[in-house]
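Written out below as structure tokens is the structure these notes cover.
Index from 1, following the sequence.
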Amino acid sequence: QVQLVESGGGLVQAGGSLTLSCTHSGRTVNNYNMAWFRQAPGKEREFVALIGWLYGNTLYGDSVKGRFIVSRDYAKNTVNLRMNSLKPEDTAVYYCAAGAGFTRAKGGYDYWGQGTQVTVSS
């Protein structure tokens, strides 16, 4: 079994930065692609960012491209999401996910964390 635990959420002013971390434990996910999704109240869960396990290649959602950076630390079993120039519309619960496919589709992920709340005030 795989456990994913997100941390680092909180309240930040617009224009500020925040770094989320996803720590994984249990069965190794070192050969899984790791992604971040987010879900705002009343909205669908949205793809945010993805990092591939083999080459570390990355993919970003259009709304965060150029502002967010995803990275991976195999030694610490973590995946980080550095969020810069935050906007009120970035407010959501952010989820970490692990899956075999390199995809924006949430159906492509087998394991999910419980989520961490990010609130951006204007």
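To the nearest 0.5 Å, the span separating OG1 on Thr116 from CG on Leu20 amounts to 6.0 Å. The CZ atom of Arg72 sits 7.0 Å away from the CD1 atom of Ile51 when rounded to the nearest 0.5 Å. In this structure, CG in Leu86 is found 10.0 Å from OG in Ser121, a value given to the nearest 0.5 Å. Note that CD of Glu6 is 5.5 Å distant from SG of Cys22, once rounded to the nearest 0.5 Å.
The minimum heavy-atom distance linking Gln117 with Ala92 is given by the pair NE2-O, 3.4 Å. Summarising the geometry of Ser17 relative to Asn84, their closest heavy-atom pair is OG-OD1, 3.0 Å, with the distance given to 0.1 Å. Closest non-hydrogen pair, Thr58 versus Phe102, comes out as C-CZ, 4.4 Å. Closest approach of Ala100 to Asn33, counting heavy atoms only: O-ND2, 3.0 Å. Taking all atoms of both residues into account, the shortest heavy-atom contact from Thr78 to His24 is N-NE2, 4.0 Å. Val5 and Gln114 get closest at one heavy-atom pair: CA-OE1, 3.8 Å.
Listed for the Gln39 side chain is no donor-acceptor partner under 3.5 Å among the backbone atoms of Val93.
A cation-pi arrangement, defined by a distance under 6.0 Å to the six-membered ring centre and an angle within 45 degrees of its axis, is present between Arg45 and Tyr95.
Contact of the Met34 side chain with the Leu4 side chain is registered, since non-hydrogen atoms from C-beta on lie closer than 4.5 Å. Inter-residue side-chain proximity for Ile69 and Leu81 is flagged as unmet; no heavy-atom pair is nearer than 4.5 Å. The shortest distance between side-chain heavy atoms of Thr91 and Val118 does not fall below 4.5 Å.
Sequence neighbours left out, not one pair with a member in residues 100-109 passes side-chain hydrogen bond (donor to acceptor under 3.5 Å, both in side chains).
Checked by atom type, the side-chain pair Asn80/Ser21 shows a donor-acceptor distance below 3.5 Å.
With hydrophobic clusters built from ILVMFWY side chains whose heavy atoms lie under 4.5 angstrom apart, Trp36 does not share a cluster with Phe47. Linking ILVMFWY residues whenever their side-chain heavy atoms come closer than 4.5 Å, directly or via other members, leaves Leu50 and Phe68 in distinct clusters.
Aromatic ring centres of Phe37 and Trp112 lie closer together than 6.0 Å.
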* Asked: Where do Asn77 and Tyr74 land on the side chain to side chain contact (heavy atoms under 4.5 Å, CB included) test, with the steps shown first?
  -> CA-CA 5 Å; Asn77 289 342; Tyr74 284 98; 5.8 Å; no
Under 3.5 Å, which donor-acceptor pairs do the side chains of residues 59-67 form with other protein atoms, sequence neighbours left out?
| residue | atom | partner | partner atom | Å |
| --- | --- | --- | --- | --- |
| Tyr60 | OH | Val70 | N | 2.9 |
| Asp62 | OD1 | Lys65 | NZ | 3.4 |
| Ser63 | OG | Arg38 | NH2 | 3.2 |
| Ser63 | OG | Glu46 | OE2 | 3.2 |
| Arg67 | NH1 | Ser85 | O | 2.9 |
| Arg67 | NH1 | Asp90 | OD2 | 2.8 |
| Arg67 | NH2 | Ser63 | O | 2.8 |
| Arg67 | NH2 | Asp90 | OD1 | 2.9 |
| Arg67 | NH2 | Asp90 | OD2 | 3.4 |

